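Below: one structure, written as structure tokens.
First the proteins, then the strands, lettered A, B, ... as listed; each starts at 1. Every value quoted in this text rests on a predicted model; they were computed, and no experiment measured them. We use all heavy atoms of the structure for the numbers below, so side chains are in, but hydrogens, waters and symmetry mates are not.
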There are 2 protein chains.
Amino acid sequence: MAEEKLHGAIEAMKSSGVRITPQRHAILEHLIQSMAHPTADEIYKSLEGKFPNMSVATVYNNLRVFKEIGLVKELTYGDSSSRFDCVTTDHYHIICDDCGKIVDFHYPGLDEVETLAEQVTGFQVGDHRMEIYGSCPDCQKNKH
Amino acid sequence: MAEEKLHGAIEAMKSSGVRITPQRHAILEHLIQSMAHPTADEIYKSLEGKFPNMSVATVYNNLRVFKEIGLVKELTYGDSSSRFDCVTTDHYHIICDDCGKIVDFHYPGLDEVETLAEQVTGFQVGDHRMEIYGSCPDCQKNKH
DNA sequence: ACACTATTTATAAACATTACAATGTAAGAA
DNA sequence: TTCTTACATTGTAATGTTTATAAATAGTGT
Ligand SMILES: [Mn+2]
Ligand SMILES: [Mn+2]
Ligand SMILES: [Zn+2]
Ligand SMILES: [Zn+2]
């Protein structure tokens, strides 16, 4: 499944006129295989064995390119680094306050909320963001 | 109304053993009077007439103190500075993609979403965050 | 293989925020 | 009121993430 996704992503790059470089391929591969919503620096570190000379700027540059093509979504947080997610379907996230783990959470889009917000505020609504915070099963055990 | 709120906030500080300094008073006053969810730097700049020697670190320090007492909530954003909100009642925000304006949006808490997330993920949920993005009435006009 | 241009690399810079140490001061005690 | 002292402020340096820049490199169509 990851194979096909990678292949599809490469096709998307080709049809957008974006060159396929070894670094791009590796970053994309890492993103698709990772379930963990990695940071730019985590990607950078995980590839330094394969690409000892790769610059961290390359990771950031390519994540921006992937975002522009729509292959990747950036999850921003105030305190710490952004995390990156291969978009397949729309989904929300639940985040552990204790260890920072991010888990996908599928739930129908909050369309009524958007509609009401439009009526009440006069904004023309385009998007929304929702995240749930709590304690993951592992961290619950380690607490008592 | 702002008067009473400020007074209540000062009482909360007293009972938490937090000293009332002129800088603290002014920062709190600015936060309570502002509808605009200011950044630390905006607060700093707005007070430089009154306190020409105030350090920006003082603003950050005190915003942290206010957060710890529960007088203020921090709204974090990936790209840019945090914004600060005097908490009265729970509410959401709608944010203009074009000019950055933040408007309060009152809506019942998404309790069913939290409950379902708990069941599905095994997390113990404590909180959630939701924001709506779009184009504010002013920016809609300026577009045409 | 060549040419053209996008991409990578290395490094410096930008920016928000925090850490630190020295100085100043709020608030309770005497 | 004055004294005391722990807490607060200030100025500056440091941190961490992300972006900008320019020179070197390499992908792609011909
Ligand atoms: Mn995800
Ligand atoms: Mn608000
Ligand atoms: Zn956890
Ligand atoms: Zn606007």
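- Side-chain nitrogen and oxygen atoms of A:Arg19 include none within less than 4.0 Å of the OP1 or OP2 phosphate oxygen of C:dT5.
- Taking a 6.0 Å sphere around NE2 of B:His7, one finds it holds 12 or fewer heavy atoms contributed by other residues, nucleotides or ligands.
- Taking the side chain of B:Ser82 as heavy atoms from C-beta on, and the options D:dG27, D:dT17, C:dT17, the nearest nucleotide is C:dT17.
- If you measure from atom CD1 of B:Ile20 to atom P of D:dA8, you get 11 Å, rounded to the nearest angstrom.
- The pair B:Glu48-B:Lys45 does not count as a salt bridge, with every side-chain nitrogen at least 4.0 angstrom from each carboxylate oxygen.
- The environment of CD in B:Glu29 is crowded: more than 12 heavy-atom neighbours from other residues, nucleotides or ligands sit within 6.0 Å.
- Along DNA chain C, the nucleotide nearest B:Pro22 and the nucleotide nearest B:Phe84 are compared for position; the residue whose nucleotide lies closer to the 5' end is B:Phe84.
- B:Lys73 and B:Asp90 are joined by a salt bridge, as a carboxylate oxygen and a charged side-chain nitrogen come within less than 4.0 angstrom of each other.
- Going from atom NE2 of A:His25 over to atom C1' of D:dA26 covers 17 Å, rounded to whole Å.
- Among C:dA27, D:dG27, C:dT9, the nucleotide with an atom closest to any side-chain atom of A:Gln23 is C:dT9.
- Rounded to whole Å, atom P of C:dA16 lies 11 Å from atom CZ of B:Arg83.
- Taking every heavy atom of both residues into account, A:His37 and A:His91 meet most closely at NE2-NE2, 4.5 Å.
- Nearest-nucleotide mapping onto DNA chain D: of A:Ser80 and A:Val18, the residue sitting toward the 5' end is A:Ser80.
- Rounded to an integer number of Å, the gap from OH of B:Tyr44 to C1' of C:dT17 is 14 Å.
- Under 4.0 Å is where a charged nitrogen must lie from a carboxylate oxygen, and between B:Glu3 and B:Lys5 no such pair does.
- Of the side-chain N and O atoms in B:Thr21, one or more sit less than 4.0 angstrom from OP1 or OP2 of D:dT9.
- DNA chain C lies under 4.0 Å from at least one heavy atom of each of the following residues of residues 47-74 of chain B: B:Ala57, B:Tyr60.
- Checking the phosphate oxygens (OP1, OP2) of D:dT17, a side-chain nitrogen or oxygen of A:Ser81 falls inside 4.0 Å.
- The CG-C1' distance, from B:Leu75 to C:dA16, rounds to 16 Å in whole Å.
- Because its NZ or CZ atom is not both nearer than 6.0 Å to the ring centre of B:Tyr92 and within 45° of the ring axis, A:Arg129 does not count as a cation-pi partner of that residue.
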